[in-house]
Amino acid sequence: MLAISPSSRQPTAIRSMNRLLRPPRRIEFSAVNLRADLRASAVDGACYSLMVGLGETCFGAFFIAAGIGNFWIGVLATWPLLIGSLFQLLTPWGIRRFGSYRNWSVLMAGSQGLSLVALAVACCFGQLQFLTLMVLLALYWGSSMAVGPAWNTWMEFVIPRSIRTRYLSRRMRVCQVCLLLAVTGSGLLLRSGDGLLLVFAGLFAAGGVLRLVSAACLNRQTEQPGWLAAHEQLERMSGGSREVSATVWQAVPFFVAIQFAVYVSGPYFAPFMLRDQGVDFRSYMFLIVLGYLGRVLMLELAGEVARHWGPGRLLWLGSVGLVPLAGLWVFHESYLFLAIAQVVGGAAWACYELAMSLVFIERIPGHQRTRVLSLFGVGNGLAMVGGSLVGGWVISGFGNATAGFLAVFILSSVLRLAALLLFPRKLFAIPSPALVPTPKHLITAAPHLNGRPQVRPLASVGDNANQATASSSPPQAA
């Protein structure tokens with residue numbers, strides 16, 4: 001009796017799509033080339049993490065040192081992100097225009113590095129006008145966001161599935177160590193007094209050079225023209241964005257509401273601590289380090305919760321943990337209390353961001369992810385700007401007094417609590433990724449000072465979402 005395989009009963013179009021979903025075989029690449037790719041990717045991640053710790057994490061403290069007013073700090077902390085999210089919409093066009101994931105990634109990574117170098121030059125010559133800072137920060141964030149979707153899709157082909165989880169877990173550990181060292185070093189170098197802007201200039205210059213090294217490492221990694229063509233053909237055959245799960249679209253309003261609530265207070269923690277409370281720069285940076293340690297300590301447990309109970313329950317756990325964080329800053333008289341709150345806050349952010357990444361990874365097909373994440377980034381940008389404007393308006397209404405900051409912190413917690421009403425219950429139905437080892441490598445190396453989650457999981461999946469990968473996303477202090 002002739003046996004008929006299940007695949008032979010599938011329509012031709014479905015069989016064609018399944019073939020496209022399989023990453024190209026690496027027959028033409030030797031083991032030596034593969035090892036070179038993996039080494040270059042590890043150095044890229046290490047240099048990127050060092051850049052984040054030396055430069056990006058210091059933005060909040062830098063605004064204070066530059067003498068920026070409280071309201072305008074909120075503008076600088078959010079409007080460049082919105083501009084960057086709008087620029088990110090050009091990513092699909094840029095990939096097609098350059099005909100390469102690699103070329104677009106290298107160009108954007110290089111632009112990000114040059115923006116930090118330019119910021120260092122501006123510090124040296126005292127050219128810190130508001131418009132100058134706005135342009136340089138918009139270039140920084142726009143370049144950063146534009147790298148993510150391209151790198152995400154590219155790495156799905158570069159790193160073989162058989163070693164992907166193990167390799168990226170080790171790569172993430174290297175990134176975490178580098179980021180911790182850079183943030184700690186930045187905190188030790190920063191101090192109050194004369195010449196502080198020159199210290200920031202040195203940190204930004206070092207971070208920019210490291211990002212340029214990272215771009216060079218990206219340029220050394222492999223790419224085949226057929227990879228881009230495969231995803232473009234799959235995009236045409238899938239008929240647009242109809243494959244994106246309805247659960248994702250139902251979750252978007254909740255994620256945006258949380259983002260709005262966080263940014264009502266997020267941009268104003270740095271001016272509150274450094275300007276209103278007179279905390280020194282080293283103590284401020286130490287709080288950032290503690291937030292990062294809280295994330296690291298939660299990695300293992302968060303992964304186990306996601307594996308056994310599913311991302312929906314992990315997201316609920318993290319969301320509930322985020323609610324009181326801003327309100328706890330009302331008890332600012334005790335530095336020890338704030339330090340403990342930072343560790344707890346880092347753990348809550350770890351749960352929230354891991355669960356969010358899993359929702360997007362499991363419900364968005366790889367060939368759709370670039371466009372969907374780009375559009376979602378715009379929604380996040382609008383939420384950030386809206387939240388910061390509300391917070392700035394409240395603080396200004398209190399005459400920049402301490403009471404204004406405390407009112408903003410309480411308002412942020414109230415809005416986070418209200419956002420839970422939008423929590424999509426269908427997320428509880430998403431099964432746990434049982435076939436995936438503990439997905440702790442999906443946690444991005446990003447310390448937060450009760451800050452915002454910048455959702456760029458930089459992750460890709462294999463066929464039927466049975467394998468997940470990720471890289472790091474940049475942090476925001478405050």
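Any value given below was found using the heavy atoms of this structure, including those in side chains, with hydrogens, waters and symmetry copies removed.
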Could you walk me through whether F337 and L328 pass side chain to side chain contact (heavy atoms under 4.5 Å, CB included), step by step? CA-CA 9 Å; F337 178 84; L328 292 177; 3.8 Å; yes

Can you list the steps and then say if F423 with W316 is a ring-ring contact (aromatic ring centres under 6.0 Å, His included)? CA-CA 8 Å; F423 189 91; W316 176 256; 5.1 Å; yes

On a heavy-atom basis, which atom in P424 and which in F254 lie closest, and how many Å separate them? CD-CB, 3.9 Å

With ring centroids as reference points, do Y140 and F59 lie under 6.0 angstrom apart? yes

Answer yes if the side chains of Q342 and Y292 hold a donor-acceptor pair under 3.5 Å, and no otherwise. no

Main chain of L315, side chain of S319: is a donor-acceptor contact present, judged purely on distance under 3.5 Å? yes

Side-chain donor/acceptor of S115 to backbone N/O of Q112, under 3.5 Å: yes

Do S85 and N380 have side chains that get closer than 4.5 Å, going by heavy atoms? no

For the backbone of G45 and the side chain of S49, can you confirm whether one donor and one acceptor N or O come within less than 3.5 Å of each other? yes

So, R211 side chain and G110 main chain: donor-acceptor pair closer than 3.5 Å or not? no

For the pair W329 and F269, name the ring-plane relationship: parallel under 30°, tilted 30 to 60°, perpendicular over 60°. tilted

Flag for D280-S283: side-chain donor and acceptor within less than 3.5 Å: yes

To the nearest 0.5 Å, what is the distance between CZ on R295 and CG on L290? 14.0 Å

Applying side chain to side chain contact (heavy atoms under 4.5 Å, CB included), run through L210 and L116 and close with a yes or a no. CA-CA 10 Å; L210 285 166; L116 268 185; over 6 Å; no

Step-by-step side chain to side chain contact (heavy atoms under 4.5 Å, CB included) determination, L81 to M145: CA-CA 9 Å; L81 283 164; M145 293 181 181; 3.4 Å; yes

Does any N or O in the side chain of R102 come within less than 3.5 Å of the main-chain N or O of T222, such that one atom is a donor and the other an acceptor? no

Side-chain touch F405/V330, heavy atoms, less than 4.5 angstrom: no

Could you tell me the separation between the CG atom of L50 and the SG atom of C175, rounded to the nearest 0.5 Å? 9.0 Å

pair L354-L314: side-chain heavy atoms closer than 4.5 Å: yes

Would you mind reporting whether I64 and I73 have side-chain heavy atoms less than 4.5 Å apart? yes

Determine whether the aromatic ring centres of residues F409 and F272 are separated by less than 6.0 angstrom. yes

Taking the side chain as everything from C-beta on, heavy atoms only, tell me whether M108 gets closer than 4.5 Å to W104. yes

Could you tell me which non-hydrogen atom of A419 sits nearest to which non-hydrogen atom of I258, and how far apart they are? CB-CD1, 3.8 Å

Test side chain to side chain contact (heavy atoms under 4.5 Å, CB included) applied to V344 and W349, step by step: CA-CA 9 Å; V344 175; W349 279 118; over 6 Å; no

Scanning both residues in full, the closest heavy-atom pair of C58 with F204 reads CB-CE2, 4.5 Å

May I ask you to decide whether R171 forms a salt bridge with D44, counting only side-chain N to carboxylate O separations under 4.0 Å? yes

With a 3.5 Å distance limit and no angle check, can you tell me whether T57 reaches the backbone of V52 through a side-chain donor-acceptor pair? yes

Interatomic distance, CZ@F260 vs CG@L389, rounded to 0.5 Å, equals 9.0 Å

Kindly say whether G53 contributes a backbone atom to a donor-acceptor pair with the side chain of S186 at under 3.5 angstrom? yes

Any side-chain heavy atom of I83 within less than 4.5 Å of one from L139? no

Heavy atoms of F62 and L128 approach each other most closely as CZ-CD2, 3.9 Å

Side-chain heavy-atom pair Y48, C178 within 4.5 angstrom cut-off: no

Just how far is it from atom CG of L119 to atom OG1 of T132, taken to the nearest 0.5 Å? 10.0 Å

Can a donor-acceptor pair be found, under 3.5 Å and without considering hydrogens, that links the side chain of T78 to the backbone of G74? yes

L287 CG to R282 CZ distance, which is reported to the nearest 0.5 Å: 15.0 Å

If I take atom CD1 from residue I95 and atom CG from residue L90, how far apart are they, to the nearest 0.5 angstrom? 11.0 Å

4.5 Å side-chain heavy-atom contact, F71 and N400: no

Would you kindly say whether S413 and R416 are connected by a side-chain donor-acceptor distance under 3.5 Å? no

